[in-house]
Amino acid sequence: MTDHILFTVDGAVATITLNRPDKLNAATPEMAKAIVAAVEECNDSDTIRCVIVTGAGPKAFCAGSDISELDSYATPWDFRNRSDYCDAIHHLLKPTIAAVNGYALGGGLETALSCDIRIASSNAKFAAPEIKLGWIGGGGMAAMLAHSIGMSNAALMIMSGDMIDAARALQMGLVSEVHEPEALMDRARQLAATIASRAPIAAETAKINLRAAVSMPLDKAMEYERDLQAICFATEDAKEGRAAFAEKRAPVFRRR
Ligand code: COA
């Protein structure tokens with residue numbers, strides 16, 4: 001494990017922090033491997049219910065892949081098959097919040113896009129700057145950005161490489177909320193605690209369902225939702241939810 005990734009668990013909420021603030025949390029291959037390991041731990045856990053992803057320091061969430069390390073791959077095929085931090089975050093099975101506390105550039109933007117919910121500090125800046133360097137993003141940039149903000153806005157960001165600020169990101173729907181920098185993590189933890197208090201299988205299923213909603217034809221997505229609903233309906237937690245409602249008490253969900 002590298003010190004450049006911090007992984008903490010507080011009750012039902014895990015936090016993955018990119019911790020290389022002097023390099024704007026630019027991700028090295030070592031950091032990517034540590035993120036893959038942290039994601040595996042979250043996915044294997046029966047008690048972690050929500051994951052926050054953020055960056056250390058006041059300036060950056062993540063300025064993308066460490067450009068100086070991109071020449072360290074022996075072949076383009078090794079580069080293609082690298083441990084990818086954005087992919088790893090995308091494969092988290094638990095609900096995920098990106099607390100974007102500054103620059104989210106390139107792979108940093110893809111990391112934020114790989115989270116289910118994005119909230120940002122007022123000093124956050126977003127860009128897909130790869131085009132300025134001679135390539136394009138490879139961690140799902142086009143698909144996730146187009147789904148998030150529409151084709152024209154996605155093309156504008158990807159083809160210009162220019163940064164947008166937090167206010168513009170909010171207007172485009174790239175983020176759901178903007179907060180003062182000092183309030184961002186409190187809000188992320190509050191939101192994570194709310195999500196963690198909900199029925200966990202239903203929350204994880206909602207994530208699967210949302211992904212299906214943007215990748216399946218409408219009629220298939222609607223059928224699939226009905227199947228997922230039936231799976232949730234059959235859980236002990238759903239029974240508990242109905243019992244708690246009838247008994248006018250708070251439900252106790254056990255992820256069963
Ligand atoms: N890879 C490696 N190092 C990076 C980095 C990256 N993606 N982004 C920032 N850094 C490093 C800088 O080289 C600098 O290191 P140094 O102090 O040893 O010189 C440090 O982080 C601070 O960055 P700096 O450029 O001095 O800060 P700034 O406020 O002047 O500019 C940015 C900030 C984000 C505009 C600028 O750092 C930048 O353009 N970074 C590259 C972003 C990018 O293209 N990401 C996509 C990569 S695929």
Side-chain angles (χ1 to χ4, degrees), residues 4-5 16-20 23-36 38-39 42 51-56 59-67 69-70 73 79-121 124-151 153-166 168-169 172-176 188 207 210-211 214-215:
H4 290 157
I5 294 297
I16 298 171
T17 306
L18 285 85
N19 181 37
R20 203 185 170 216
K23 298 287 183 187
L24 306 183
N25 301 320
T28 60
E30 211 187 4
M31 288 164 74
K33 284 186 186 135
I35 291 175
V36 169
V39 166
C42 292
V51 183
I52 298 170
V53 181
T54 193
K59 275 186 80 173
F61 175 74
C62 171
S65 297
D66 188 307
I67 297 169
E69 300 235 11
L70 290 176
Y73 296 94
F79 171 69
R80 190 247 176 263
N81 293 325
R82 68 196 181 277
S83 284
D84 188 278
Y85 51 102
C86 321
D87 266 7
I89 298 295
H90 190 78
H91 287 112
L92 268 163
L93 301 175
K94 312 292 168 76
T96 314
I97 300 167
V100 182
N101 55 312
Y103 291 117
L105 310 176
L109 174 55
E110 289 170 322
T111 300
L113 285 163
S114 297
C115 294
D116 300 310
I117 299 170
R118 285 168 293 289
I119 62 174
S121 59
K125 290 201 165 52
F126 303 81
E130 289 89 344
I131 197 133
K132 295 184 184 172
L133 296 159
W135 70 90
I136 59 169
M141 183 73 86
M144 293 193 291
L145 210 50
H147 277 137
S148 173
I149 59 177
M151 284 292 273
N153 285 326
L156 188 150
M157 289 189 74
I158 291 170
M159 291 174 184
S160 75
D162 286 342
M163 282 191 207
I164 61 166
D165 64 14
R168 182 93 176 96
M172 284 179 173
L174 181 56
V175 299
S176 298
K207 176 168 183 146
L210 281 161
R211 294 265 169 96
V214 294
S215 62

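All figures in this text were calculated on a predicted structure; none of them were measured in a lab. Each residue takes its place number in the sequence, starting with 1. The basis for the numbers below is simple: all heavy atoms, side chains too, and nothing from hydrogens, waters or symmetry mates.
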Query - Note, I164 side chain near L174 side chain (heavy atom, < 4.5 Å) - result: yes
Query raised in the report: Under 4.5 Å between any side-chain heavy atoms of V53 and I89, yes or no?
Result: yes
Requested in this report: Kindly give the heavy-atom pair with the smallest separation between L18 and N25, and that separation in Å.
Outcome: O-OD1, 3.1 Å
Query raised in the report: Can you tell if the side chain of T28 reaches within under 4.5 Å of the side chain of M31, non-hydrogen atoms only?
Result: yes
Report summary line: Rounding to 0.5 Å, atoms CE (M157) and CG (L145) come to a distance of 5.5 Å
Report task. Give the minimum heavy-atom separation between A128 and M141, together with the two atoms involved. Result -> CB-CE, 3.6 Å
Report task. Please round to the nearest 0.5 Å and tell me the distance separating atom CG of D87 and atom CZ of R82. Result -> 8.0 Å
Query - L92 CG to I16 CD1 distance, which is reported to the nearest 0.5 Å - result: 5.5 Å
Query raised in the report: So which heavy atom on P129 is nearest to which on G106, and how close?
Result: CD-N, 3.2 Å
Query raised in the report: Does A98 have any side-chain contact (heavy atoms from CB on, under 4.5 Å) partners at least two apart in sequence or in another chain, and if so, which?
Result: F61, V100, A112, C115, R118
Report summary line: Nearest heavy-atom contact between D66 and R20 is OD2-NH1, 2.6 Å
Query - Under 3.5 Å: donor-acceptor pair, side chain of K207, backbone of K94 - result: yes
Report summary line: Here the gap from R211 atom CZ to H147 atom NE2, rounded to the nearest 0.5 Å, amounts to 11.5 Å
Report task. Check the pair K23, H4 against side-chain contact (heavy atoms from CB on, under 4.5 Å), reporting the backbone distance first and the verdict last. Result -> CA-CA 10 Å; K23 298 287 183 187; H4 290 157; over 6 Å; no
Requested in this report: Spell out, as yes or no, whether a donor-acceptor pair under 3.5 Å connects the side chain of E110 to the backbone of G139.
Outcome: yes
Query raised in the report: Taking all non-hydrogen atoms of both residues, which atom of M151 and which atom of A146 are closest, and how far apart?
Result: SD-CB, 3.9 Å
Report summary line: Rounded to the nearest 0.5 angstrom, the CZ-CD1 distance for R168 and I149 is 8.5 Å
Query raised in the report: Hey, are the side chains of L210 and V214 touching, using non-hydrogen atoms and a 4.5 Å cut-off?
Result: no
Requested in this report: Identify the residue among I119, T17, T54 that makes a side-chain contact (heavy atoms from CB on, under 4.5 Å) with N101.
Outcome: T54
**Report entry** I136, CD1 atom: more than 12 neighbouring heavy atoms under 6.0 Å
**Finding:** no
**Report entry** Contacts of type side-chain hydrogen bond (donor to acceptor under 3.5 Å, both in side chains), residue S114, not counting sequence neighbours
**Finding:** none
Report task. Measure the CG-CD distance between L105 and E130 for me, rounded to the nearest 0.5 Å. Result -> 9.0 Å
Report summary line: Taking every heavy atom of I97 against every heavy atom of A188, the minimum-distance pair comes out as CD1-O, 3.8 Å
Query raised in the report: Counting N and O atoms only, with roles assigned by atom type, does the side chain of Y103 sit under 3.5 Å from a partner on the main chain of G64, one being a donor and the other an acceptor?
Result: no
